Amino acid sequence: MPSENKAPRSSPHAGKFKARFVAISWRDAAVSFGPILLVVLIGMWLAVKLIRPAPPTTLTIITGPPQSNFWNTAEKYKKILARDGVTLKILPSDGSLDNLNKLLDPNVNVDIGFVQGGLATDAAVSQLMSLGSVAYVPVTVFYHTAATVDSLDDLRGKRIAIGLPGSGARVLALALLKSNGIVPGGNTALLDLGGDEAAQALIDGKIDAAFLMGDSASPPTMGKLLRTPNIRLVDFAQSEAYTRRFDYLNEIKIPKGVFDFGKNIPPQDLHLIAPTAELVAREDLHPALSDLLIEAAREVHGKGGVLQKAGEFPAPLAHEYRISDDAARYYKSGKSFVYRMLPFWLASLVDRTLVIVLPVFLLLIPGARLVPMLYGWRIKSRIYKWYGALISLERGISGDAEEEEHAQMLKQLDQIEESVNRMKMPLAFADQFYVLREHIGFVRNRLMQRH
């Protein structure tokens, strides 16, 4: 805009001027804050939409037959979870295979279950996740001492209890026997017996050997067989070879006399093979409950024992199922701060609140800078609009303009000035407002000087 040193003449409209200054234009402020508010509301909606609801207070775990190792472990979990107000319902089953099938069945109300290694299917691997391995599940094969058994091949032609349908013991027994050339339909009698029934049949001499594992046999049953004089536990001399053929198996050494020093049970060192039992869950398990379950597993399985070292379990061993993201995070860094410092119910509430508040807070930080910019731009754009009209009018000023054209330009300038005077202007922009009015006077002087 060109400028001259001449003082502007007084406008005939100057007496009509009435300043309309305000501390702040709330309408402009509301319009400026609108986009930020919209973004915040969208952020809150996404946070509420994506965040998981409050953790349920009831969980259902599927275990194995009543009084089996898995069942007894679930009973211990139940007492631990009750401290935080979570009720654990225990659902009996025929064993690991039955557990796996029911976890995959959407019509069965179950959240988690114990599943031994070696049973996974493609569907199970894709639909389920693991919270970690919690214990070894040794393959224990008991037999009559009348016939020495150095390998499973020595059981050929015998009567063998391989476990009940649905049990992990049965699946693993068939796989191991098959690797030794023993299959159903041959001269070896493979009987669907498990647990106490198989143990009693072995004691009574009705069968020659029995596969018993944690998902189908109780500790008292195992102890009873270990102390029966004419029954012995198979020593897997080929244990290392088995672990190389079956990647889900581990080699375990049982020291001589570890079960009973006085009676020297077992009478010599034993080599066993064992898959691990995994705590397998459906994908919709709440993260807070995942943490509680691993905490319970640490309390139950973290101590040393005959089969494991202290602190060995639970462990994020990815055998067949992927370790869940929540479990991996827990094993790496433990419980979050709020769950360490607050009771479970309160920590859950605070955790969910933070998920909503934190995104809003992060959005408001740039918003606090952006709103004043939008507000200033909106006010200035209103001033710049009239500068555009002034420039257009000034370009049309010429000395040979007709009287009628000159009057029309003055009328147009009067309308501009009147509109400017009606503007509601925040005090912070008063200087720019007065500069605009000064420029209106400048253009008016030029018009008057041309005529």
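Just so it is clear, the model here is predicted, and its values are computed rather than measured.
Judged by distance alone, with hydrogens and angles left aside, the side-chain atoms of Glu312 form a donor-acceptor pair with the main-chain N or O of Lys309 at under 3.5 Å. Between the side chain of Thr121 and the main chain of Ala124, a donor-acceptor pair closer than 3.5 Å is present. Side-chain atoms of Ser167 do not come within 3.5 Å of backbone N or O of Gly163 as any donor-acceptor pair. Using a distance-only test at 3.5 Å, with no hydrogens or angles considered, no donor-acceptor pair links the side chain of Ser392 to the main chain of Ala389. Asn180 contributes a side-chain N or O that, together with a main-chain N or O of Leu176, makes up a donor-acceptor pair within less than 3.5 Å. Between the side chain of Glu278 and the main chain of Gly132, no donor-acceptor pair closer than 3.5 Å is present. Looking at Thr188, its side chain does come within 3.5 Å of a backbone N or O of Gly157 through a donor-acceptor pair. Proximity of a side-chain donor or acceptor of Gln116 to a complementary backbone N or O of Met213 within less than 3.5 Å is not detected. Checked by atom type and distance alone, the side chain of Asn99 never pairs as donor or acceptor with a backbone atom of Gly113 at under 3.5 Å.
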request  = Step by step, work out the side-chain contact (heavy atoms from CB on, under 4.5 Å) result for Thr57 and Thr87.
outcome  = CA-CA 6 Å; Thr57 56; Thr87 301; 5.9 Å; no

query = How far apart are the C-alpha atoms of Leu164 and Leu193, what are their side-chain angles, what is the distance that settles it, and do they pass the side-chain contact (heavy atoms from CB on, under 4.5 Å) test?
reply = CA-CA 5 Å; Leu164 295 172; Leu193 294 174; 5.6 Å; no

task = Before giving the answer on side-chain contact (heavy atoms from CB on, under 4.5 Å), spell out for Thr140 and Leu233 the whole-Å C-alpha distance, their side-chain angles and the decisive distance to 0.1 Å.
result = CA-CA 7 Å; Thr140 53; Leu233 194 57; 3.7 Å; yes

request  = Go through Val258 and Val306 one step at a time and tell me if the side-chain contact (heavy atoms from CB on, under 4.5 Å) criterion holds.
outcome  = CA-CA 7 Å; Val258 71; Val306 173; 3.9 Å; yes

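Closest approach of Pro138 and Ala274 over heavy atoms only: CA-CB, 3.4 Å. Here the closest non-hydrogen pair linking Leu97 and Leu119 is N-CD1, 3.6 Å. Nearest heavy atom pair, residue Leu249 against residue Tyr242, reads CD1-O, 4.0 Å. Listed here is the closest heavy atom pair of Pro56 and His286: CD-CB, 4.2 Å. Closest non-hydrogen pair, Ala209 versus Leu155, comes out as CB-CD2, 3.8 Å. Scanning both residues, Ser130 and Tyr321, for their nearest heavy atoms gives CB-CB, 3.9 Å.
Put simply, the side chain of Val134 does not reach to within 4.5 Å of the side chain of Thr276, judged on heavy atoms. Residues Ser290 and Leu131 have side chains in contact (heavy-atom distance under 4.5 Å, counting atoms from C-beta outward). Counting heavy atoms from C-beta on, the side chains of Leu225 and Ile203 come closer than 4.5 Å. Taking 4.5 Å as the limit, every side-chain heavy atom of Phe246 sits out of range of all side-chain heavy atoms of Leu172. Considering only heavy atoms from C-beta on, Val234 stays 4.5 Å or farther from Ser151 through its side chain. Under the 4.5 Å side-chain criterion, counting only non-hydrogen atoms from C-beta, Met129 is not in contact with Ile323. Contact check for Leu190 versus Leu177: side-chain heavy atoms found under the 4.5 Å cut-off.
Within a 6.0 Å radius of CG in Asp122, no more than 12 heavy atoms belonging to other residues, nucleotides or ligands are found.
Residues satisfying the salt bridge (charged side-chain N to carboxylate O under 4.0 Å, His left out) test with Asp269, not counting sequence neighbours, are Lys253. In this view, Ser239 and Glu251 satisfy the side chain to side chain donor-acceptor pair (under 3.5 Å) rule, not counting sequence neighbours. Residues satisfying the salt bridge (charged side-chain N to carboxylate O under 4.0 Å, His left out) test with Arg245, not counting sequence neighbours, are none. Take Arg322 and apply the salt bridge (charged side-chain N to carboxylate O under 4.0 Å, His left out) test, not counting sequence neighbours, and it matches Glu283. Glu299 pairs by the salt bridge (charged side-chain N to carboxylate O under 4.0 Å, His left out) definition with Arg83, not counting sequence neighbours.
Within the structure, every pair that satisfies the salt bridge (charged side-chain N to carboxylate O under 4.0 Å, His left out) test and touches residues 145-157, not counting sequence neighbours, is listed here: Asp153-Arg156. Listed by first and then second residue, the salt bridge (charged side-chain N to carboxylate O under 4.0 Å, His left out) pairs that reach into residues 162-178 are Arg170-Asp192, sequence neighbours excluded. Here ring-ring contact (aromatic ring centres under 6.0 Å, His included) pairs that include residues 158-199, with residues two or more places apart or in two chains, number zero. Within the structure, ring-ring contact (aromatic ring centres under 6.0 Å, His included) contacts touching residues 136-195 (residues at least two apart or in different chains) are Tyr136-Phe313. The salt bridge (charged side-chain N to carboxylate O under 4.0 Å, His left out) analysis of residues 224-241, with sequence neighbours excluded, yields the pairs Glu240-Arg244. Here ring-ring contact (aromatic ring centres under 6.0 Å, His included) pairs that include residues 108-132, with residues two or more places apart or in two chains, are Phe70-Phe114, Tyr77-Phe114.
Partner Ile90 forms a side chain to side chain contact (heavy atoms under 4.5 Å, CB included) with one of Ile61, Ile62, Leu59 and no other, that one being Ile61.
The pair Lys79-Glu75 does not meet the salt-bridge criterion, since no charged nitrogen lies less than 4.0 angstrom from a carboxylate oxygen. Salt-bridge formation is not detected for the pair Arg329/Asp325: no Lys NZ or Arg NE/NH1/NH2 atom is positioned less than 4.0 Å from an Asp or Glu carboxylate oxygen.
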Pairs of donor and acceptor atoms involving the side chains of residues 105-112, under 3.5 Å and at least two apart or interchain, shall be tabulated with distances.
{"from": "Asp105", "atom 1": "OD1", "to": "Asn107", "atom 2": "N", "distance (Å)": "2.9"}
{"from": "Asp111", "atom 1": "OD2", "to": "Thr60", "atom 2": "N", "distance (Å)": "2.9"}

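When only modelled atom types and interatomic distance are considered, Asp196 and Thr221 share a side-chain donor-acceptor pair under 3.5 Å.
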